[in-house]
Asks: 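Quick one: the structure is below, and I'll ask about it shortly.
Given the structure is predicted, the values throughout are model-derived calculations rather than measurements. Start at 1 and go down the list; that is how both ligands and their atoms are numbered. Throughout, numbering of the chain's residues begins at 1 and tracks the sequence.
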Amino acid sequence: MTAIDFNAHRRARSGAADDTARLLELEARYCSHGDTVHYTDPPKIFDRCEGSYIFDTEGRRYLDLQMWYSAVNFGYANRRLNDAVKRQLDRLPQVASQYLHRQKIELAAMIAEDAEQKFGQKGRVHFNVGGSQAVEDSLKLVRNATGGKSLMFAFEGGYHGRTLGASSITSSYRYRRRYGHFGDRAQFVPFPYCFRCPYGKKREDCGLFCVEQFARLFDTEYYGVWDSKAQSCEFAAFYVEMIQGTGGYVIPPPGYFERLKEILEARKILLVDDEIQMGFYRAGKLWAIENFNVKPDIIVFGKAITNGLNPLSGVWAREELINPTVFPPGSTHSTFNANPIGTAVALEAMHMMRDHDYEEMTALKGARFLAGLRDLKKRHKIIGDVDGLGLALRIEICEPHDSFTPSKAITDRLVDIALAGDLEDGGRKVGLVLDIGGYHKNVITLAPSLEITYEEIDLAIALLDQLFDRVGQ
Ligand SMILES: Cc1ncc(COP(=O)(O)O)c(C=O)c1O
């Protein structure tokens, strides 16, 4: 009879720990540190994933509340979407972008027909592989339509990516400092961030002062943006995230975007709607812009369209901006731009979104999550604000003495403890994957799987409660 080896599990764990140490040593030596990996110390290595959970190299379980910055909206290892990849892999995984394949055509048609139905505007779709690259394509469309204008409006706190063009219209100078300028530039306009109103107003009686401040720019040519004789604006487009992503999941007040669009339309300024983070039901609708009564000229999308599998991004633009006469063959191109695996999984994702009522699902789950967050806010003074739309939720972490002064230090501690993986779930150890956003890097931006169960939402609230207790009040 074979003796039972009681120490096998412990040895396996210590072997896994040695392997993790070896990988970290190699990473430190051979990987560029230019990405954001080294924001955590030591960097975390994950090994497998399923549903709302991701597991580290030592087998520890983490409830993921940020789902790859909202790229994995439909849960890790989503069977239907993974199967679409496998089918395409066995049929036509590679084909040069100069030829066509069914999935690219059907996907473009589905997106364009949906937009036509919702916004009453004909349009076309151009694909690319990353969000930033699609932003670059949108800049080409904007410049092309406006006689080469390279100045844009964008929001303070806005994020549109880190390629040279995309970082020019991203609010953070930190992303540009080392590299100089390449052409496009933005004037950054305050976002309606009511918890920290840039004008010191209160939402209840502000009369949308902020958007009227923007309107004021066009009162005379001497405010720097408008030639009243030529009736022409120096700025070609306004790049917006309807709900700010990296900026801290900031949700604008009702009426803001409707008024902004009125101003833009009157001055012939294009509205470019960046849906890269908030699209695909993160904010309760296919496009976040559908929460507002506003029509886009261009939509830019990426991330969750493939559930974070083979990357795909793209732009939808009004027909006048993208028809083959104004945007002829060769206007833009990238080897992998409409890659067949990406388009196949994206097409399946679009069908899945059509087959299920994600609007109702995200409204119900979002309400449950937000109710839990509101309850936490009552009990923890470090929480200054909570808010949410669909399953885009925020917790703003502040100094406990006034629940208002932003605290990056407490936020960092919370995220580190969450990632240490030793919170308690009924006697078992578990971690939380959280992401930090916000103008002061003090906002926990929550983007759970849209497939999260109610039990997992309740567990998330319980684990956050433990976490806030651990950092103390
Ligand atoms: C709103 C928004 N725009 C653009 C991007 C850039 O996309 P990518 O990282 O795929 O280049 C991001 C990425 O986080 C984003 O959130």
Asks: If you have a sec, work out which protein heavy atom is nearest atom 16 (O) of ligand 1 and how many Å separate them, to one decimal?
Replies: Gln277 NE2, 2.8 Å
Asks: Tell me, which protein residue and heavy-atom name are nearest atom 15 (C) of ligand 1, and how many Å apart are they?
Replies: Tyr159 CD2, 3.7 Å
Asks: Counting non-hydrogen protein atoms only, what is the nearest one to atom 11 (O) of ligand 1? Give residue, atom name and distance.
Replies: Ser132 OG, 2.5 Å
Asks: Is it the case that the side chains of Glu27 and His38 hold a donor-acceptor pair, with the cut-off being a distance below 3.5 Å and no angle test?
Replies: yes
Asks: Only heavy atoms of Lys303, strictly under 4.0 Å: list the atoms of ligand 1 that pass.
Replies: 13 (C), 14 (O), 16 (O)
Asks: Closer than 4.0 Å to some heavy atom of Asp274 - which atoms of ligand 1 meet that?
Replies: 1 (C), 2 (C), 3 (N), 4 (C)
Asks: Among Val250, Val386, Leu389, Ile243, which residue meets the side-chain contact (heavy atoms from CB on, under 4.5 Å) test with Arg394?
Replies: Val250
Asks: Hey, which atoms in ligand 1 end up nearer than 4.0 Å to a heavy atom of Glu241?
Replies: 1 (C)
Asks: Using distance alone, with no hydrogens and no angle criterion, decide if Gln277 and Ser70 have a side-chain donor and acceptor under 3.5 Å apart.
Replies: no
Asks: Is there a side-chain contact between Thr445 and Tyr69 (heavy atoms, below 4.5 Å)?
Replies: no
Asks: Quick check with a 6.0 Å cut-off and a 45 degree axis cone: is Arg196 positioned over the face of Phe404's six-membered ring?
Replies: yes
Asks: Could you list which atoms of ligand 1 come closer than 4.0 Å to a heavy atom of Gly131?
Replies: 7 (O), 8 (P), 10 (O), 11 (O)
Asks: Set out, in order, the CA-CA distance, both residues' side-chain angles and the distance that settles side chain to side chain contact (heavy atoms under 4.5 Å, CB included) for Asn78 and Met352, then state yes or no.
Replies: CA-CA 11 Å; Asn78 182 297; Met352 196 174 79; 4.0 Å; yes
